[in-house]
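What you are looking at is a predicted structure, and each value in this text was computed from that prediction instead of being measured.
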Amino acid sequence: MRRIVTVVLVVVAVLVGVDFAGAAFAEHTVSQKARQQLGLDSDPEVGIGGFPFLTQAISGEYGHITVEAKSVPVQDVLQDVDVKAELYDVDAPLSDLTQGNVDNVTIDRVEGEVTLKASDINRVSPLDNIQDLQIASSSEAYVRNGEGSGEQATDSDDSANTGGDADNAPGAGSGDGEGSGGDPVYGPDGDDNDDSSAGVRLSGKVQVAGVEQEIFAFAIIQLDGSTVKITPHRLQFGNDQDTTVVPRAVQQQLLPSFEADINAGDLPFTVTPTAVVATPDGITVRGEAKNVRFAGGNAG
């Protein structure tokens, strides 16, 4: 009996080993082809979800594949962009994968995103004049109206009531989209349901009358194709000041320092950008596509 158990364990171990080896081979193949498809300088990380792998490989149907690349350069300015694609319901014939052919691989749904880090955004003119640029989310209502709106959201280190971390705002993320005539309908937090724009708080140190000051800039980020437009609306002094009020004349002088257009580059797998959001890592552009060929184009 003990010998039978031992044999069974050995067989199971071999099968598991074969399964992982097969998954590793497939991930390597997909990684190489994804490098070509996305125009990367190195192979991205690929993870094939689900176990066992072999049953997926034999059927040629994969429920979920993740493709992720770090520190991707975009044009001449951005050097540290993170690219991620979640592929769902992938049809990849085993015979094609073993030959390294992805022309017939189709994807039912792709969720793609690129993340621009604050340190990278700090390279973009005129934001490169701001020292130690930091980014946090804020509600659009707080960006436009400030404390008087009653909609500010604060994080754990927000003693100046600067509207960071909009996810904790009352009613954040709610809203009903557009009403009659195409006019936006606003939720309880004063934000509409248009994911192509979002509130953001930029902070950093700038020179004011020859003195270095910490400034919070409240801006709206908006998508224009693959370009992220940053439009500042108002400024506040940082937490280390006696007052948060920035004189109007100083605001008019400094607001252009926080205004920029940033080309985020193309999303993976021909995904069209539809949403932008401020995250702890920076600014993330997202989109979704359906019926996509791995090699590019629509699967029909």
Side-chain angles (χ1 to χ4, degrees), residues 27-48 65-87 100 102 105 107 110-137 195-198 200-205 217 219 221-232 257-289 292-297:
E27 289 170 351
H28 178 67
T29 300
V30 172
S31 177
Q32 288 184 317
K33 297 303 179 181
R35 174 182 178 177
Q36 299 173 12
Q37 205 274 348
L38 301 179
L40 303 175
D41 294 330
S42 59
D43 293 347
E45 297 179 7
V46 173
I48 298 178
I65 299 177
T66 298
V67 179
E68 191 168 7
K70 302 285 189 180
S71 302
V72 178
V74 176
Q75 297 186 347
D76 297 328
V77 179
L78 303 178
Q79 301 295 320
D80 196 18
V81 177
D82 289 348
V83 180
K84 187 176 183 179
E86 303 286 359
L87 318 181
V102 295
V105 174
I107 310 161
V110 179
E111 295 178 357
E113 67 177 43
V114 296
T115 296
L116 315 179
K117 299 174 185 176
S119 58
D120 225 11
I121 294 173
N122 211 169
R123 302 173 186 267
V124 179
S125 178
L127 302 177
D128 55 351
N129 293 319
I130 301 169
Q131 183 179 343
D132 191 25
L133 180 70
Q134 302 293 321
I135 294 175
S137 62
D195 291 336
S196 66
S197 66
V200 65
R201 183 191 73 191
L202 308 175
S203 64
K205 296 178 180 179
I221 51 176
Q222 188 163 18
L223 275 178
D224 182 6
S226 60
T227 298
V228 177
K229 291 181 172 292
I230 302 177
T231 305
S257 299
F258 292 87
E259 183 174 0
D261 292 348
I262 306 173
N263 186 350
D266 296 330
L267 289 181
F269 298 99
T270 66
V271 169
T272 300
T274 57
V276 62
V277 63
T279 70
D281 295 325
I283 295 175
T284 297
V285 177
R286 295 175 177 145
E288 183 176 303
V292 176
R293 288 193 178 277
F294 191 95

Distance in Å, [X] [atom1] paired with [Y] [atom2], rounded so as to fall on 0.5 Å steps:
{"X": "Arg35", "Y": "Asp41", "atom1": "CZ", "atom2": "CG", "value": "7.0 Å"}
{"X": "Thr227", "Y": "Asp261", "atom1": "OG1", "atom2": "CG", "value": "6.5 Å"}
{"X": "Ile230", "Y": "Leu202", "atom1": "CD1", "atom2": "CG", "value": "5.5 Å"}
{"X": "Asp281", "Y": "Leu116", "atom1": "CG", "atom2": "CG", "value": "11.0 Å"}
{"X": "Ile65", "Y": "Ile48", "atom1": "CD1", "atom2": "CD1", "value": "5.0 Å"}
{"X": "Leu223", "Y": "Ser196", "atom1": "CG", "atom2": "OG", "value": "6.0 Å"}

Problem - Side-chain donor or acceptor of Asn122 paired with backbone N/O of Leu133 under 3.5 Å - result: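 Yes, because the side chain of Asn122 sits within donor-acceptor range (under 3.5 Å) of the backbone of Leu133.
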Handout entry: Donor-acceptor under 3.5 Å (Arg286 side chain, Thr274 main chain)
Key =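 Absent.
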Side-chain contact, heavy-atom cut-off 4.5 Å: [X] with [Y]?
{"X": "Ile121", "Y": "Leu127", "answer": "yes"}
{"X": "Pro73", "Y": "Gln79", "answer": "yes"}
{"X": "Leu87", "Y": "Phe294", "answer": "yes"}

Practice task
Show your working on side-chain contact (heavy atoms from CB on, under 4.5 Å) between Val72 and Lys70 and close with a plain yes or no.
Solution key: CA-CA 6 Å; Val72 178; Lys70 302 285 189 180; over 6 Å; no
Which atom names give the shortest non-hydrogen contact between [X] and [Y], and what distance separates them?
{"X": "Pro232", "Y": "Ala219", "value": "CA-CB, 3.6 Å"}
{"X": "Ala69", "Y": "Leu40", "value": "CB-CD1, 3.7 Å"}
{"X": "Phe269", "Y": "Val292", "value": "O-CG1, 3.9 Å"}
{"X": "Leu267", "Y": "Gly112", "value": "CD1-O, 4.2 Å"}
{"X": "Ile221", "Y": "Ala278", "value": "CD1-N, 4.1 Å"}
{"X": "Val110", "Y": "Ala85", "value": "CG1-CB, 4.5 Å"}

Practice task
Might you work through the side-chain contact (heavy atoms from CB on, under 4.5 Å) test for Val285 and Val228, ending with a clear yes or no?
Solution key: CA-CA 8 Å; Val285 177; Val228 177; 3.6 Å; yes
Handout entry: Sidechain N-carboxylate O distance under 4.0 Å for Asp120, Lys117
Key =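 The answer is no: the pair does not qualify as a salt bridge.
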Exercise for the section: Answer yes when Asp128 and Arg123 have at least one side-chain N-carboxylate O distance shorter than 4.0 Å, and no when they do not. Expected result: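 Not counted as a salt bridge, because no side-chain N and carboxylate O are separated by less than 4.0 Å.
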Exercise for the section: For Thr66 and Glu86, test the side chains for any donor-to-acceptor distance below 3.5 angstrom and give the result as yes or no. Expected result: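 Yes, because at least one side-chain N or O of Thr66 sits under 3.5 Å from a partner of the opposite role on Glu86.
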Practice task
Taking atom types as modelled, find out whether Asp224 and Gln222 have a side-chain donor-acceptor pair closer than 3.5 angstrom.
Solution key: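 Judged by distance alone, the side chains do not pair up.
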Handout entry: Residues Val277, Ser137; criterion side-chain contact (heavy atoms from CB on, under 4.5 Å); working and verdict
Key = CA-CA 8 Å; Val277 63; Ser137 62; 5.9 Å; no
Exercise for the section: List the steps and the verdict of side-chain hydrogen bond (donor to acceptor under 3.5 Å, both in side chains) for Asp80 and Ser71. Expected result: CA-CA 4 Å; Asp80 196 18; Ser71 302; 2.7 Å; yes
